[in-house]
Amino acid sequence: QLNKINHNNNNNINNNKLFFNLKQKNNNSLCFLNRKNFSTSNVENTQVSVDLIKELRKRSGAGIMDCRKALIEHNLNLETAMTYLIKKGLQNAASKQDRNAVEGTIKIANNSTNTISAIIEINCETDFVSRNQIFQKLATDVVNATLSLSDKTSGKIDQEQILNIKLHDETIQSTFDSTRMQIGENIIFKRAEIYSLSNRKGLIGSYVHGIGRYASLIQLAVDTDLSDSAKATLLSLANKIAIHIVGFKPQYIKSSDIPKEILQIVSDCGISEQNFLERTCLLLQELEFETTPIKNEKLDSQDSSFIEPTFIKMQVKDAIINYSKQLGTNIEIINFIRWERGETPKSLIEQTQQICAEIGKK
C-alpha cells in the first residue's frame with residue numbers, strides 16, 4: 001500500500017513539472033519541449049537551429065535562452081531577432097546609466113615615435129569587470145581611436161567627439177551600449193586627452209600601473225636631433241620619471257611654478273616651505289638609479305645570479321643634467337600629468353591643504 005502511494009505521488013510530481021526535453025536533429029537542431037503542452041506541432045514550432053542560436057549569441061552577447069526566445073518570436077529571422085535584442089539591451093543599458101561607476105581603467109596609446117600620446121579613462125561598477133577582457137579590449141580600442149584624432153586636435157577631447165568615432169563599423173556610443181548589455185554593468189566614458197610636442201624635438205614618456213588604476217605622461221624636449229640609441233636612452237629616462245610621478249604625486253615641475261597664494265596657505269598651515277617644495281616639485285624629488293652591477297668577490301662563482309646591483313639616489317634635476325651631458329643635448333621637462341582612476345577633481349587650494357595635512361602627520 002505504501003509503495004502504491006509513493007508511486008502515485010511521483011507520477012503527480014512528474015506531471016506537474018515543466019522541463020526541457022532536448023532533442024538533436026540533423027546534428028544542428030535543438031528542440032525545447034514542454035511535456036505539459038506536448039504536441040507534434042509544438043515541436044516543429046519551437047525547433048531552433050543550434051548554429052542560429054550560436055550566431056545570434058556571438059553578435060549580441062545575450063544569453064542562450066534570450067537568443068532562442070528572440071528567434072522564436074521573430075520566426076527564426078536572425079536580423080529582426082538581433083534588432084529586438086538590441087532594443088531590449090538598450091532599455092536595460094538605459095536603466096544602468098544611473099548606477100555609480102568608479103572602477104574601470106586608464107589606458108595610454110603612443111604613436112611610433114613617442115611624440116604623441118592619448119590617454120583615456122573608462123569607468124565601470126566593479127573591479128571584477130575592470131579586469132574583464134571584453135572591457136579591457138573596449139578601452140584599448142577607444143584609446144587607439146582617440147590617438148587617431150591627433151592630426152586634428154590636442155589637449156582635452158570633448159566626450160561627444162569621442163563617442164561619435166566609428167569603431168568596427170559602429171560608433172563608440174553604440175559599442176558602449178552593446179557592451180553594457182553584454183557585461184551587465186554601467187560603463188561610463190569619463191575623459192580623454194591628447195598630448196603632443198607640437199614642433200619641438202623630444203619625446204613623451206608614459207606609465208600605466210597594473211590594469212589602469214594610475215597613469216602618467218611626461219613630455220621631455222631637447223634642442224638637437226638625436227640618434228636612435230640616444231632616443232632610446234631618453235625614453236628610458238622619461239618612462240622612469242613617469243613611474244616616479246605615479247608613486248610620489250608631484251604637483252609642479254619647479255618651485256617657480258608655485259603661485260604665491262599657495263605658498264601663503266602653506267605658511268598659514270605651519271608647514272616648512274622647503275618640506276612643501278620637496279613634496280610637490282618634481283625636479284626636487286629623488287629618483288633611484290641602478291648603477292653598474294658589481295660582482296661579489298666573496299663568492300667563488302661566475303654565475304650571473306651572484307652579481308649584486310647597487311643603487312644611488314639623485315634629484316630629478318641632477319638626473320636631467322647628467323643625461324643632458326651624456327646625450328650631448330639640453331633636456332627640459334615641458335609638462336606632466338598624473339591620473340588616478342575614479343578621482344574627483346579638486347581645486348588647487350584643496351590639493352594644497354591635503355598635502356599640508358599629509359606633511360603634518362609625518
Side-chain angles (χ1 to χ4, degrees), residues 13-99 101 104 122-126 128-142 145 159-160 162-189:
I13 291 171
N14 288 333
N15 287 334
N16 291 330
K17 275 188 174 180
L18 296 179
F19 65 96
F20 290 112
N21 177 26
L22 307 181
K23 178 182 178 182
Q24 191 75 23
K25 184 177 181 180
N26 298 328
N27 294 326
N28 68 347
S29 296
L30 196 62
C31 294
F32 294 82
L33 308 181
N34 183 325
R35 176 171 289 189
K36 193 173 183 179
N37 298 312
F38 180 87
S39 71
T40 304
S41 60
N42 283 339
V43 172
E44 297 301 321
N45 289 339
T46 58
Q47 189 174 16
V48 184
S49 165
V50 172
D51 291 338
L52 203 57
I53 293 176
K54 284 183 178 179
E55 179 62 25
L56 183 56
R57 191 176 185 219
K58 180 181 177 181
R59 290 193 193 184
S60 66
I64 292 176
M65 296 307 298
D66 286 333
C67 291
R68 176 185 170 277
K69 181 180 178 182
L71 286 166
I72 291 173
E73 290 183 2
H74 295 85
N75 299 319
L76 307 186
N77 187 305
L78 187 64
E79 299 305 323
T80 56
M82 182 65 187
T83 300
Y84 164 77
L85 286 175
I86 289 175
K87 288 180 178 179
K88 180 182 177 183
L90 290 178
Q91 291 173 351
N92 292 338
S95 67
K96 293 181 177 71
Q97 288 181 358
D98 293 332
R99 290 176 6 194
I122 297 178
N123 298 125
C124 58
E125 296 177 46
T126 63
F128 177 78
V129 168
S130 297
R131 301 171 186 276
N132 183 284
Q133 289 184 355
I134 296 172
F135 181 82
Q136 285 288 323
K137 184 180 184 303
L138 171 64
T140 299
D141 288 343
V142 171
Q159 184 181 40
E160 185 176 349
I162 297 291
L163 294 177
N164 287 329
I165 296 176
K166 284 282 187 177
L167 189 65
H168 308 311
D169 299 325
E170 63 177 358
T171 64
I172 289 179
Q173 178 66 70
S174 298
T175 305
F176 268 58
D177 291 336
S178 59
T179 305
R180 286 191 191 102
M181 177 180 70
Q182 191 171 3
I183 291 178
E185 281 195 13
N186 187 17
I187 298 175
I188 297 173
F189 176 82

Atom pair CZ/CD1 of Phe176 and Ile122 - distance to nearest 0.5 Å: 4.0 Å
Looking at residues at least two apart in the chain, or sitting in another chain, which of them share a side chain to side chain donor-acceptor pair (under 3.5 Å) with Asn132? none
Mind checking side chain to side chain donor-acceptor pair (under 3.5 Å) for Thr171 and listing every partner two or more places apart, or none if nothing turns up? Ser174
Roughly how far, to the nearest 0.5 Å, is OH of Tyr84 from CG of Asp66? 7.5 Å
Considering only distance and modelled atom types, tabulate donor-acceptor pairs under 3.5 Å from the side chains of residues 69-76, sequence neighbours left out.
unit_1	atom_1	unit_2	atom_2	d
His74	ND1	Ala70	O	2.9

Going by side chain to side chain contact (heavy atoms under 4.5 Å, CB included), name the residues that satisfy it together with Thr83, two or more places apart in sequence or in a different chain. Lys87
Name all residues meeting the salt bridge (Lys or Arg N to Asp or Glu O under 4.0 Å) criterion together with Glu79; count only those two or more places apart in sequence or in a different chain, and write none if there are none. Arg59
Compare all side-chain heavy atoms of Ile162 with those of Phe189 and state whether any distance is below 4.5 angstrom. yes
Measuring from atom CG of Leu138 to atom CD of Gln133, what distance do you get when rounded to the nearest 0.5 angstrom? 13.5 Å
Could you state the interatomic distance from CG (Leu56) to OG (Ser49), rounded to the nearest 0.5 Å? 11.5 Å
Taking Gln173 for the side chain and Leu163 for the main chain, is one N or O donor matched with an acceptor at less than 3.5 Å? no
Side-chain (Glu185) to main-chain (Val129) donor-acceptor, under 3.5 angstrom: no
What's the separation between atom SG in Cys67 and atom CE in Met82, rounded to the nearest 0.5 Å? 9.0 Å
Would you compute the distance between atom CD1 of Ile172 and atom NZ of Lys166 and round it to the nearest 0.5 angstrom? 11.0 Å
Side chain to side chain donor-acceptor pair (under 3.5 Å) involving Glu170 - partner list, sequence neighbours excluded: Thr175
Taken in chain and number order and not counting sequence neighbours, the residues that satisfy salt bridge (Lys or Arg N to Asp or Glu O under 4.0 Å) with Lys137 are Asp141
Polar side-chain atom of Gln136 near backbone of Ser130 as donor-acceptor pair, under 3.5 Å: yes
